[in-house]
Visitor: 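Right, I'll just put the structure down here and ask away after.
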Amino acid sequence: MILSMAAFAAEDALLKGSTQSLPIAQVLVLFGVGGVILFGGTALLTGQALYVPEVTSRPMLIRAVFEVSGRLFYVLAFALAPLSIATVILQATPLVVVGAAAVLFGETVGWRRWAAIILGLIGVIIIIQPGSEAFSVFAIFAVLGMLGFAGRDLASRAAPAALTTSQLGVYGFLALIVAGAIYAGFEQRSFVWPDPMTGLLLVGAILFGVTGYAALMRAMRSGEVAAVTPFRYSRLLFGLILSILFFGETLTGAIIVGSILILASGLFIIWRSRADR
């Protein structure tokens, strides 16, 4: 999970750089095509079929919907808003996943962890600052992206065991192409040929994205959700460092306070998960 979060943080930074010169829809489509090629090639080389009947199972169809919405809104968030804000809000994903896992999968989550979940969500509200002059609609994109990713992770947990990581990766990145196609109708910008530097950024994003995706699927399908998911908070550190170093962003008081609440919630959930075992 930690490897996945480090790779995803690098992917976010590279994709944000790509959106500075390319339409957001084009970045989504190219990123999706690259992931499909890598995961699809891996599947074929290892003798795996690209299509199996399990792909049309209910969990997979639900997963596809959440994948499209999560990817679309999160890319919109970090492309149009500071990377630091999008990164921090995304850290609420474990809170939603742990709470939903208790409801959907019957995993034990006591009142203390429920309290931690609520505390972390309060941190998200502090970062968004609804009703204040600092409020930005782009922060809502990050919240919608976070909910999409939470739904995807839960659906991945329920995905048929017969589906391999490579097969899940193919359809996960196909969702990016769909998301890009959907947004192209709203963005209404013509696709352009990327310059060499932007091309390198996209290639790097694809490589990091595939690595992060594979590691995430491995983590979510092999460990107890309540125990594995909180380690997603490591992305907070990676993302903030990259946002400061490469985009010159500054951390506001709201971001710092919200981050502390979210991080404290995650650390407490980790501690309670270990104590319960």
Visitor: Measuring from Ile255:CD1 to Gln129:CD, what's the distance to the nearest 0.5 Å?
Guide: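 Interatomic distance, Ile255 CD1 to Gln129 CD, rounded to 0.5 Å: 8.5 Å.
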Visitor: Are the side chains of Gln167 and Leu50 in contact, using a 4.5 Å heavy-atom criterion?
Guide: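 No, their side chains stay 4.5 Å or more apart.
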Visitor: For Arg235 and Leu90, run side chain to side chain contact (heavy atoms under 4.5 Å, CB included): C-alpha distance rounded to whole Å, both residues' side-chain angles, the deciding distance at 0.1 Å, then the answer.
Guide: CA-CA 9 Å; Arg235 186 171 184 168; Leu90 186 67; 3.2 Å; yes
Visitor: To check you understand the geometry: which heavy-atom pair defines the closest contact between Gly212 and Ser4, and what is its length?
Guide: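 Smallest heavy-atom distance, with atoms named: O-OG, 2.8 Å.
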Visitor: Rounded to the nearest 0.5 Å, how far does NZ of Lys16 lie from CG of Leu83?
Guide: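 These two atoms lie 6.0 Å from each other.
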Visitor: Hydrophobic clustering (ILVMFWY, side-chain heavy atoms < 4.5 Å, transitive) - are Phe246 and Phe208 grouped together?
Guide: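 Per the 4.5 Å side-chain linkage, Phe208 and Phe246 are not co-clustered.
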Visitor: Mind jotting down which residue pairs meet the side-chain hydrogen bond (donor to acceptor under 3.5 Å, both in side chains) criterion with at least one end in residues 238-249? Sequence neighbours excluded, please.
Guide: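 Residue pairs passing side-chain hydrogen bond (donor to acceptor under 3.5 Å, both in side chains), neighbours aside: Ser84-Glu249.
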Visitor: Going by heavy atoms in the side chains, are Ile262 and Ile127 under 4.5 Å from each other?
Guide: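 With C-beta onward as the side chain, the pair touches.
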Visitor: Locate the shortest heavy-atom distance separating Ile89 from Ala139; write the atom from each residue and the value.
Guide: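 Closest heavy-atom pair between Ile89 and Ala139: CD1-O, 3.8 Å.
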Visitor: Determine whether Leu45 and Leu207 fall in the same hydrophobic cluster, where Ile, Leu, Val, Met, Phe, Trp and Tyr are linked whenever their side-chain heavy atoms lie under 4.5 Å apart.
Guide: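 Hydrophobic grouping puts Leu45 apart from Leu207.
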Visitor: Give the other cluster members for Met197, using side-chain heavy-atom distances under 4.5 Å between Ile, Leu, Val, Met, Phe, Trp and Tyr residues; answer none if it is isolated.
Guide: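 Traced through the cluster, Met197 reaches no other member.
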Visitor: Find the distance between OG1 (Thr252) and CD1 (Ile85) and round it off to the nearest 0.5 Å.
Guide: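 That separation rounds to 6.5 Å.
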Visitor: Quick test of your reading: applying side-chain hydrogen bond (donor to acceptor under 3.5 Å, both in side chains), list the pairs with at least one residue in residues 33-47, sequence neighbours left out, ordered by first then second residue.
Guide: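 Qualifying pairs, neighbours excluded: Thr46-Gln48.
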Visitor: Counting C-beta onward and ignoring hydrogens, is there a side-chain heavy-atom pair between Leu14 and Glu11 closer than 4.5 Å?
Guide: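 In short, these two side chains do not touch, never coming nearer than 4.5 Å.
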Visitor: Would you compute the distance between atom CH2 of Trp114 and atom CG of Leu95 and round it to the nearest 0.5 angstrom?
Guide: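 So the CH2 of Trp114 and the CG of Leu95 are separated by 10.5 Å.
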Visitor: Under 4.5 Å between side-chain heavy atoms, chaining through other members, with only Ile, Leu, Val, Met, Phe, Trp and Tyr counted: pull out the rest of the cluster around Ile126, sorted by chain and number.
Guide: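 Ile126 clusters with Ile118, Leu119, Ile122, Val257, Leu261.
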Visitor: Cut-off 3.5 Å, no hydrogens considered: what does the side-chain donor-acceptor table look like for residues 177-187, sequence neighbours left out?
Guide:
from	atom 1	to	atom 2	distance (Å)
Glu187	OE1	Ile24	N	3.4
Glu187	OE1	Ala25	N	2.9
Glu187	OE2	Ile24	N	2.8

Visitor: Could you tell me whether the side chain of Ile125 reaches within less than 4.5 Å of the side chain of Leu121, counting heavy atoms only?
Guide: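 Not in contact.
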Visitor: Remaining members of Leu3's ILVMFWY cluster at a side-chain heavy-atom cut-off under 4.5 Å?
Guide: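 In the cluster with Leu3 there is nothing else; it is isolated.
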Visitor: Could you list the residues that satisfy ring pair (Phe, Tyr, Trp, His ring centres under 6.0 Å) with Phe8, not counting sequence neighbours?
Guide: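 Result, ring pair (Phe, Tyr, Trp, His ring centres under 6.0 Å) vs Phe8: none returned.
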Visitor: Ignoring hydrogens, what is the shortest heavy-atom contact between Gly35 and Ile206? Give both atom names and the distance.
Guide: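 It is N-CG2, 4.0 Å.
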Visitor: Kindly give the heavy-atom pair with the smallest separation between Ala86 and Tyr74, and that separation in Å.
Guide: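 Closest approach of Ala86 to Tyr74: O-CE1, 3.6 Å.
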Visitor: To the nearest 0.5 Å, tell me how far Leu240 CG sits from Ile256 CD1.
Guide: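 If I round to the nearest 0.5 Å, the distance is 9.5 Å.
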Visitor: When clusters are formed from ILVMFWY side-chain contacts under 4.5 Å, directly or step by step, what else is grouped with Trp193?
Guide: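 For Trp193, no cluster forms, as it stays isolated from other hydrophobic side chains.
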Visitor: So which atom in Gly239 and which in Ala9 form the shortest heavy-atom distance, rounded to 0.1 Å?
Guide: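 Between these two residues, the closest heavy atoms are N-CB, 3.9 Å.
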Visitor: Only pairs under 3.5 Å count here: list side-chain donor-acceptor contacts from residues 52-68, not counting sequence neighbours, and write none if there are none.
Guide:
from	atom 1	to	atom 2	distance (Å)
Thr56	OG1	Pro53	O	2.9
Ser57	OG	Glu54	O	2.7
Arg63	NE	Ser156	OG	2.9
Arg63	NH2	Tyr213	OH	2.4
Glu67	OE1	Tyr213	OH	2.8
Glu67	OE2	Arg152	NH1	3.2

Visitor: Under 4.5 Å between any side-chain heavy atoms of Leu236 and Val88, yes or no?
Guide: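 Side chain of Leu236 against side chain of Val88, heavy atoms only: contact under 4.5 Å found.
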Visitor: Is there a side-chain contact between Ile244 and Leu251 (heavy atoms, below 4.5 Å)?
Guide: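 Contact flag for Ile244/Leu251 side chains = yes.
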Visitor: Which heavy atom of Gln26 sits nearest to which heavy atom of Val192, and what is that distance?
Guide: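 Where Gln26 meets Val192 most closely, the heavy atoms are NE2-O, 2.5 Å.
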Visitor: Mind checking what makes ring pair (Phe, Tyr, Trp, His ring centres under 6.0 Å) contact with Phe31, not counting sequence neighbours?
Guide: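 Listed in chain order: Phe173.
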Visitor: Same cluster or not: are Leu38 and Leu200 linked, directly or through other Ile, Leu, Val, Met, Phe, Trp or Tyr residues, by side-chain heavy atoms under 4.5 angstrom apart?
Guide: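 No, it is not one cluster - the side chains of Leu38 and Leu200 are not joined through contacts under 4.5 Å.
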Visitor: Taking C-beta and beyond as the side chain, do Phe78 and Val75 meet within less than 4.5 Å on heavy atoms?
Guide: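 A side-chain contact exists here, since the closest heavy-atom pair is under 4.5 Å.
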Visitor: Decide yes or no for Phe268 and Arg112: does some side-chain heavy atom of the first lie under 4.5 Å from some side-chain heavy atom of the second?
Guide: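 Yes; the side chains approach each other to less than 4.5 Å.
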Visitor: Same cluster or not: Leu201 versus Val33, using hydrophobic residues (I, L, V, M, F, W, Y) connected whenever any side-chain heavy atoms lie under 4.5 Å apart?
Guide: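 Different hydrophobic clusters.
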Visitor: Check side-chain hydrogen bond (donor to acceptor under 3.5 Å, both in side chains) between Ser21 and all other residues, then give those that pass, not counting sequence neighbours.
Guide: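 By the side-chain hydrogen bond (donor to acceptor under 3.5 Å, both in side chains) rule, Ser21 matches Thr198.
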Visitor: Determine, using the 4.5 Å side-chain heavy-atom cutoff (strictly less than), whether Phe247 and Leu242 are members of one ILVMFWY cluster.
Guide: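 They do share one cluster, since a chain of ILVMFWY contacts under 4.5 Å joins Phe247 to Leu242.
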Visitor: Taking only residues two or more places apart in sequence or in another chain, which ones pass side-chain contact (heavy atoms from CB on, under 4.5 Å) with Leu202?
Guide: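 By the side-chain contact (heavy atoms from CB on, under 4.5 Å) rule, Leu202 matches Leu15, Ser18, Leu22, Val27, Leu30.
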